[in-house]
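As structure tokens, the structure follows; a few thoughts come after it.
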Amino acid sequence: MIRLITTKQLKNLMQWETVIGLEVHVQLATKTKLFSGAPVNYGFEPNTSVSLLDLGMPGVLPALNLEAVRLAIKFGLSIAAEIAPISIFSRKHYFYPDLPKGYQITQHALPIVKNGHLEIALADNELKRISINRAHLEEDAGKSVHEGLGGLTGIDLNRAGTPLLEIVSAPDLNSAKEAVAYLKTLHTLVRYIEISSANMQEGAFRCDANVSMRPAGNNSLGTRVEIKNLNSFRFVEQAINYEVNRQTKILEQGGIVKQETRFFNAQKKATWPMRIKEEAEDYRYFPDPDLLPLKIEPELIAAVEASMPELPAAKQKRFMQQYGLSTYTATLLATDRELADYFEKVTALAANPKLTANWILGELAAALNRDNCNIKQSKISAEHLADLIRRIADQTISEKIAKLIFVKLWNGDNKHQTVDELITKKQLAQINDKDYLNKIATNILTQHQKEVKSYQAGKKQLFSFFVGQIIQATNGKANPAVVNQLLHDMLF
């Protein structure tokens with residue numbers, strides 16, 4: 001017997017799958033622009049860092065910045081991608097006030113990097129491989145300025161011509177959280193290999209998100225909507241979640257999603273239409289007649305490969321094997337190259353990797369966050385922290401006293417003094433003398449006979465009270481481990 005179901009029942013049965021691909025624009029850390037000698041620097045007065053080429057003046061010819069090529073190769077190697085022996089620069093035509101030439105020089109048909117991948121960690125610590133279809137070199141456009149101009153729009157061309165690496169993922173991401181995880185991993189990587197500052201506030205790391213929906217289990221792609229110029233991880237997540245909900249409602253109501261370009265309104269946390277999505281033919285791509293094909297010799301690739309640092313994933317695995325750190329701790333340390341270097345420097349001096357990791361990710365991280373600075377700006381040197389770690393390990397000082405010394409070092413109250421000098425001057429050394437502590441413990445128990453009887457009657461939580469009394473009587477200098485053992489022997 002065949003049963004008909006209602007439209008409402010059909011909608012309830014339908015489940016949608018989100019499909020996301022990301023295009024990330026990374027400004028490369030070169031001193032000059034991609035095709036001109038104008039300097040690259042954020043924060044210049046508007047239109048003071050431009051050349052005749054950037055202004056689109058006729059008769060001026062582009063000259064490729066080879067440092068940008070080297071940095072692109074470096075990225076390709078870091079994602080295990082193919083480096084194209086021949087790549088071509090094309091002209092991408094569109095007309096906008098911040099593009100004086102009327103076209104953008106980019107790599108279209110033959111990009112410098114293709115077929116790489118990046119692994120991201122999901123919430124359950126499972127790894128997911130995201131394919132990177134291509135990464136190509138192109139010049140950045142200028143910037144439209146709206147603020148403080150009384151309703152007018154100004155054009156700042158300082159950014160025009162800045163080298164960009166556009167990194168295009170495959171549509172392998174299936175949620176906003178996965179997209180953010182991918183972006184954070186990519187952000188860490190480009191900073192780690194030192195090809196970009198990746199400063200999102202300065203526009204050095206920007207993202208366009210392509211979002212579509214399809215019925216669950218269907219391998220064909222839905223209609224793609226592009227969300228332009230997302231410059232924070234939070235905005236990426238909010239924009240994608242909004243777009244997923246918007247498209248799902250359209251589809252469940254029997255509508256058709258339009259292929260278009262949209263922008264994200266951060267105040268309203270919503271996407272808004274910008275224009276109908278262009279296709280490749282709309283840009284009238286053709287090879288730039290002023291630029292020869294770029295030929296990359298194997299010797300150049302080998303030289304770049306020789307200069308590569310240890311990558312985050314490899315460092316994380318080494319930290320686990322070499323230092324016995326947990327996956328979580330090793331990942332936190334390996335994510336930041338400078339932090340990892342600091343950890344290894346302290347560990348080499350203190351020979352106590354686990355205690356070092358705890359202090360770096362605990363007290364030091366809290367101080368850095370509180371003062372809004374990075375590890376390079378730390379007010380405590382690796383040598384001072386190593387001294388502190390050694391004195392904790394050999395029980396010269398307690399963790400509590402160590403924290404007091406840490407604060408003094410951080411605040412600069414005792415400049416030009418070593419940790420050992422501080423311990424001696426302030427008489428902070430931990431008391432380990434069992435005979436001395438035994439006398440104090442005996443005195444404390446004698447003064448608190450009522451509490452002793454309550455403890456022996458079963459009120460075991462009073463044990464910490466006795467410990468606290470002894471610690472207080474020694475101004476925090478008594479070794480807690482010794483005190484605990486003494487009290488255990490005396491009360492049982």
Side-chain angles (χ1 to χ4, degrees), residues 119-127 177 180-181 183-194 198-200 233-234 309-412 418-419 422-423 430 480-481:
E119 285 191 336
I120 64 171
L122 304 181
D124 56 1
N125 288 325
E126 181 185 350
L127 293 178
K177 289 194 179 298
V180 170
L183 286 173
K184 287 183 175 180
T185 305
L186 185 61
H187 186 264
T188 295
L189 178 62
V190 298
R191 291 182 65 250
Y192 219 95
I193 61 176
E194 297 179 329
N199 190 317
M200 300 180 83
F233 300 128
R234 180 164 53 91
E310 182 181 33
L311 297 177
K315 193 182 290 289
Q316 180 244 333
K317 290 177 182 176
R318 179 171 65 81
F319 279 9
M320 292 171 65
Q321 294 169 356
Q322 183 174 343
Y323 301 121
L325 301 180
S326 68
T327 303
Y328 177 75
T329 300
T331 301
L332 287 179
L333 290 170
T335 296
D336 186 305
R337 186 173 174 180
E338 288 82 16
L339 190 67
D341 290 344
Y342 184 95
F343 163 76
E344 294 214 85
K345 189 172 184 180
V346 175
T347 298
L349 295 168
N352 198 320
K354 291 186 178 179
L355 188 57
T356 296
N358 289 340
W359 270 78
I360 289 176
L361 298 177
E363 295 299 313
L364 182 60
L368 293 171
N369 290 334
R370 185 181 60 248
D371 288 7
N372 194 28
C373 54
N374 58 45
I375 191 64
K376 284 186 175 181
Q377 301 164 315
S378 173
K379 298 174 185 177
I380 295 183
S381 67
E383 290 78 10
H384 271 149
L385 186 59
D387 288 342
L388 202 61
I389 298 296
R390 282 200 296 265
R391 294 300 163 255
I392 298 169
D394 67 14
Q395 298 190 346
T396 299
I397 56 175
S398 65
E399 289 261 359
K400 184 177 180 180
I401 294 297
K403 290 178 181 179
L404 294 176
I405 296 173
F406 181 93
V407 171
K408 289 182 178 296
L409 292 171
W410 185 268
N411 292 336
T418 66
V419 169
L422 271 172
I423 292 170
Q430 189 165 240

Euclidean distance, E310 CD relative to K315 NZ, rounded to 0.5 Å
4.0 Å

Intermediate values then yes/no, side chain to side chain contact (heavy atoms under 4.5 Å, CB included), I389 and T347
CA-CA 9 Å; I389 298 296; T347 298; over 6 Å; no

For the residue pair I423 and I401, establish whether any side-chain heavy-atom pair is separated by less than 4.5 Å.
no

D387 side chain reached by L349 side chain, heavy atoms, under 4.5 Å
no

E194 meets the side-chain contact (heavy atoms from CB on, under 4.5 Å) criterion, sequence neighbours left out, with R337

State the NZ-CD1 distance between K403 and I397, to the nearest 0.5 angstrom.
12.0 Å

Could you pull out all residues at least two apart from H187 that satisfy ring pair (Phe, Tyr, Trp, His ring centres under 6.0 Å)?
F205, F233

K184: what forms a salt bridge (Lys or Arg N to Asp or Glu O under 4.0 Å) with it, not counting sequence neighbours?
none

Answer yes or no: is there a side-chain heavy-atom contact under 4.5 Å between P309 and I193?
yes

Does L339 form a side chain to side chain contact (heavy atoms under 4.5 Å, CB included) with L332? I'd like the steps, not just the answer.
CA-CA 9 Å; L339 190 67; L332 287 179; over 6 Å; no

Contact between L409 and L385 at the side-chain level, heavy atoms closer than 4.5 Å - yes or no?
no

Heavy-atom closest pair (A334 atom, F319 atom, distance to 0.1 Å) is N-CE2, 4.4 Å

Return the set of residues passing side-chain hydrogen bond (donor to acceptor under 3.5 Å, both in side chains) with D371 (not counting sequence neighbours), or none when no residue passes.
K379, W410

To check you understand the geometry: which heavy-atom pair defines the closest contact between L364 and S378, and what is its length?
CD1-OG, 3.6 Å

So, using side-chain contact (heavy atoms from CB on, under 4.5 Å) as the criterion, who are the partners of D394 when residues are at least two apart?
R391, T396

Got a sec, which residues hit side-chain contact (heavy atoms from CB on, under 4.5 Å) with Q322, two or more places apart in sequence or on another chain?
R318

Mind checking salt bridge (Lys or Arg N to Asp or Glu O under 4.0 Å) for D341 and listing every partner two or more places apart, or none if nothing turns up?
none

Run the ring pair (Phe, Tyr, Trp, His ring centres under 6.0 Å) test against Y192 and tell me which residues pass, sequence neighbours left out.
none

Smallest heavy-atom separation, A198 atom then V190 atom, equals CB-CG2, 3.8 Å

What are the two closest non-hydrogen atoms of A386 and A350, and how far apart are they?
O-CB, 3.8 Å

Assign the ring pair F343 / Y323 to parallel, tilted or perpendicular, where the plane angle (0 to 90°) is split at 30° and 60°.
perpendicular

Would you say the side-chain atoms of E338 pair up with the backbone N or O of I375, donor to acceptor, closer than 3.5 Å?
no

For T329, what residues pass the side-chain contact (heavy atoms from CB on, under 4.5 Å) criterion, not counting sequence neighbours?
L325, S326, L333, A357, L361

How would you list, by chain and number, every residue that makes a side-chain hydrogen bond (donor to acceptor under 3.5 Å, both in side chains) with T327, sequence neighbours excluded?
none

Please identify which of these residues, L127, V180, T185, meets the side-chain contact (heavy atoms from CB on, under 4.5 Å) condition with I120.
T185

Please list all pairs meeting ring-ring contact (aromatic ring centres under 6.0 Å, His included) that have one or both residues in residues 363-385, counting only residues at least two apart or in different chains.
none

Within residues 350-360 or reaching into it, pairs that qualify as side-chain hydrogen bond (donor to acceptor under 3.5 Å, both in side chains) - sequence neighbours excluded
W359-E399

Working to the nearest 0.5 angstrom, can you tell me the gap between T188 OG1 and L183 CG?
10.5 Å

